[in-house]
**Q** 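Dumping the structure here so I can ask a few things about it.
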Amino acid sequence: MTAIDDKPPTMPDIVVSAKDRRRALWGSAVGSTIEWYDYFLYGTMATAVFNLHFFPSEDPVVSSMLAFASFALAFLVRPLGGVVFSHVGDRIGRKKTLVITLTLMGVATMLMGVLPDYAAIGVAAPILLTLLRLVQGLALGGEWGGGLLLAVEYAPKNRRGFYGAVPQIGALAGLALGNIVTIGARAIFPEEAFESFGWRIPFLLSGVLLVVGLWIRSKIDETPSFRKVKAEGTTQRLPIATVFKHYWREVVISTGAKFVETATFFIFATFSISYATSFGYDFGAVLAFLLVGAILGIGGMLFYGGLSDRIGRKKVFLGGSVAVAIFIFPYLAMLSSGNLWLAGLAIILSFAVIWPTYGSLIGTVLAENFAPEIRYTGASLGYQLGAAIVGGPAPLIATALLAAFMGSWIPVAIFVVFCAVVGFVSVSFVKVRHNEELDV
């Protein structure tokens, strides 16, 4: 870790009770789940509703690619959201920032639920939908780092991997919750009614989740790390400048580490829905398998997070990168087999076993590489840059590769292997810090 400014030789003692830690973990998990629920709803509906009602085209492939393109645009603004809100988080505190980002996300999602479609207002519909998606991207760009630090900076040194896995669970929990609500809406309404107005219900329910999330986060105090920074007077006037001056290597490593985590997540969670349904599998059945995988994956996340506290995060992360590079070939073959149960098994394994190996650790690995004064900014910047480069575009890239190579999934597998290699090489340069104090 690179030094920033001269610091006092000792840090003030701040007492953290077990109750404080439990409350922080709960707030991190619930807030993260709500944010990802809102964010992933768009990806789910992009393959079932938005392609037809907001991006209509005579060619269904073109409609899907347009919907995925709007999905990817949010990732381009996530680094901006990360920089803007992490600046606030490193200057005035994690808690205040998390209230702002959660509110932005919830309001944008609710507005999607009342937005008229293309048939009603023409080209204004996809434009407004895309603008709301960009607001979601800004909000998530700022939310992730704060939610992560809420858990990691409260964690005891020998359980930081486990604690850091908790906010990452929000990705799977949000995905699962979104699928539960979507499956429920599809079960309540006939297909025509669902496509007409039933799809709006999951977006409108975000308002309830927003109120719950804000109430929970209002009960949480600032993190111990930020309180120490404030007590020592070491807050940075411009955290992003400090990051680029002293921590650019860590940002590069963090961006590369994100490649494998983000590309595979959106291949498994978003692209796979449209790819599987193209073989005639029922959309609801695909969502159900994805739901099972996400629920089982929550246990996998906690397991791998705890394992990293015992054997080290680098070993677990690198092992997962190798595993996904191998797994992607049978995964895509099983999806394209024409057998619904074989495809379902592939989807379940992807989130129950494979993705959690590195998905549970990405946040802790990044946070451990930055000093507390600029940790929010540094971790967020690397994370969101990686997401912007390959995460958001991943479903679009995969769909384009399928179209360019006449439906062959081999190029898609090669793309995933490339991302796995980038992640493996990047994490190879990470300093091993498990069981060490976070703020030294």
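Sequential numbering from 1 along the given sequence is applied to the chain's residues. Small disclaimer: the values here were computed from a predicted structure and weren't measured.
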**Q** What's the spacing between M112 CE and W199 CH2 if we round to 0.5 Å?
**A** 9.0 Å
**Q** Run the numbers on F415 and I410 for side chain to side chain contact (heavy atoms under 4.5 Å, CB included), then give the verdict.
**A** CA-CA 9 Å; F415 166 67; I410 297 296; over 6 Å; no
**Q** Parallel, tilted or perpendicular: which describes the rings of W144 and Y383, with under 30° parallel and over 60° perpendicular?
**A** parallel
**Q** Can you check side chain to side chain contact (heavy atoms under 4.5 Å, CB included) on V260 and F424, steps first, answer last?
**A** CA-CA 8 Å; V260 61; F424 185 96; over 6 Å; no
**Q** Taking the side chain as everything from C-beta on, heavy atoms only, tell me whether H87 gets closer than 4.5 Å to I240.
**A** no
**Q** Determine, for F194 and R186, whether the Lys NZ or Arg CZ falls below 6.0 Å from the six-membered ring centre while staying within 45 degrees of the axis.
**A** yes
**Q** For F418, does the CZ atom sit with more than 12 other heavy atoms under 6.0 Å from it, leaving out its own atoms?
**A** no
**Q** Does S218 use its side chain to pair, donor to acceptor, with the backbone of W215 at less than 3.5 Å?
**A** yes
**Q** Can any side-chain N or O of D90 pair as donor or acceptor with the backbone N or O of T235 at less than 3.5 Å?
**A** no
**Q** For Y331 and F268, I'd like to know if the aromatic rings sit close, meaning centre-to-centre distance below 6.0 Å.
**A** yes
**Q** How far does CG of L25 sit from CG of D20, to the nearest 0.5 angstrom?
**A** 11.5 Å
**Q** For K95, does the NZ atom sit with more than 12 other heavy atoms under 6.0 Å from it, leaving out its own atoms?
**A** yes
**Q** Would you mind reporting whether F329 and V417 have side-chain heavy atoms less than 4.5 Å apart?
**A** yes
**Q** Among residues two or more places apart or on two chains, list those pairs meeting salt bridge (Lys or Arg N to Asp or Glu O under 4.0 Å) that have a residue in residues 198-215.
**A** none
**Q** Heavy-atom distance under 4.5 Å between the side chains of V243 and T377, does that happen here?
**A** yes
**Q** May I ask you to check whether Y163 and Y154 place their ring centers less than 6.0 Å from one another?
**A** no
**Q** Got a second to check how far E143's CD is from S380's OG, nearest 0.5 Å?
**A** 10.0 Å
**Q** Find the distance between OG (S278) and CG (L402) and round it off to the nearest 0.5 Å.
**A** 7.5 Å
**Q** Keeping the roles fixed (side chain from S86, backbone from G89), state whether a donor-acceptor pair exists under 3.5 Å.
**A** no
**Q** Out of curiosity, L307 CG to T357 OG1, how far, rounded to the nearest 0.5 Å?
**A** 10.5 Å
**Q** With a 4.5 Å limit on heavy-atom distance, are the side chains of T103 and L214 in contact?
**A** yes
**Q** Could you point out which residue of R21, K228, R94 forms a salt bridge (charged side-chain N to carboxylate O under 4.0 Å, His left out) with E153?
**A** R94
**Q** Does a side-chain heavy-atom distance below 4.5 Å link R227 with D221?
**A** yes
**Q** Got a second to check how far I34's CD1 is from M105's CE, nearest 0.5 Å?
**A** 11.0 Å
**Q** Return yes if some donor-acceptor pair links the side-chain N/O of S28 with the main-chain N/O of A24 below 3.5 Å, else return no.
**A** no
**Q** Looking at L115 and A125, what are the two nearest heavy atoms and their distance?
**A** CD2-O, 3.8 Å
**Q** I'd like to know whether the aromatic ring centres of F317 and Y304 sit less than 6.0 Å apart in this structure.
**A** no
**Q** Could you walk me through whether R313 and E436 pass the salt bridge (charged side-chain N to carboxylate O under 4.0 Å, His left out) test, one step at a time?
**A** CA-CA 12 Å; R313 278 168 266 295; E436 293 183 6; over 6 Å; no
**Q** Ignoring hydrogens, what is the shortest heavy-atom contact between A29 and V166? Give both atom names and the distance.
**A** CB-CG1, 3.6 Å
**Q** With a 4.5 Å heavy-atom cut-off, do S336 and Y275 have their side chains touching?
**A** yes
**Q** Shortest non-hydrogen contact from I347 to S350?
**A** O-OG, 2.5 Å
**Q** Test your reading of the model: is there a side-chain donor-acceptor pair from K314 to the backbone of S428, 3.5 Å cut-off?
**A** yes
**Q** Compare every heavy atom of Q136 with every heavy atom of A108, then report the nearest pair and how far apart it is.
**A** CB-CG, 4.1 Å
**Q** Just checking, is any N or O donor in the side chain of T242 or Q236 under 3.5 Å from an acceptor N or O on the other one?
**A** yes
**Q** Testing L209, I216, L210 one by one against V212 for a side chain to side chain contact (heavy atoms under 4.5 Å, CB included), which residue passes?
**A** I216
**Q** Answer yes or no: is there a donor N or O on one side and an acceptor on the other, between the side chain of S206 and the main chain of P202, under 3.5 Å?
**A** no
**Q** Between the main-chain N or O of G161 and the side-chain N or O of D309, is there a donor-acceptor pair closer than 3.5 Å?
**A** yes
**Q** Does A387 offer a backbone N or O that forms a donor-acceptor pair with the side chain of T262 under 3.5 Å?
**A** no
**Q** Side chains of L172 and F265: closer than 4.5 Å at any heavy-atom pair?
**A** yes
**Q** For side chain to side chain contact (heavy atoms under 4.5 Å, CB included), just list the numbers for I273 and L287, CA-CA rounded to whole Å, side-chain angles, deciding distance to a tenth of an Å, and then say yes or no.
**A** CA-CA 8 Å; I273 296 175; L287 286 187; 3.9 Å; yes
**Q** Could you check whether any side-chain heavy atom of K157 comes within less than 4.5 Å of a side-chain heavy atom of L438, counting everything from C-beta outward?
**A** no
**Q** Step by step, would you call Y247 with I253 a side chain to side chain contact (heavy atoms under 4.5 Å, CB included)?
**A** CA-CA 10 Å; Y247 285 84; I253 290 172; over 6 Å; no
**Q** Work out which heavy atom in A151 is nearest to a heavy atom in P167; give both atom names and the distance.
**A** CB-CD, 3.7 Å
**Q** Going by an N to O cut-off under 4.0 Å, is there a salt bridge joining E35 and R78?
**A** no
**Q** Which pair of heavy atoms, one from A263 and one from A394, lies closest together, and at what distance?
**A** O-CB, 4.0 Å
**Q** So which pairs with a foot in residues 159-168 pass salt bridge (Lys or Arg N to Asp or Glu O under 4.0 Å), sequence neighbours left out?
**A** R160-E368
**Q** Between E222 and K230 (salt bridge meaning N to carboxylate O under 4.0 Å), is one present in this structure?
**A** no
**Q** Counting distance only, does the side-chain N/O of Y37 pair as donor-acceptor with the main-chain N or O of L175 below 3.5 Å?
**A** no
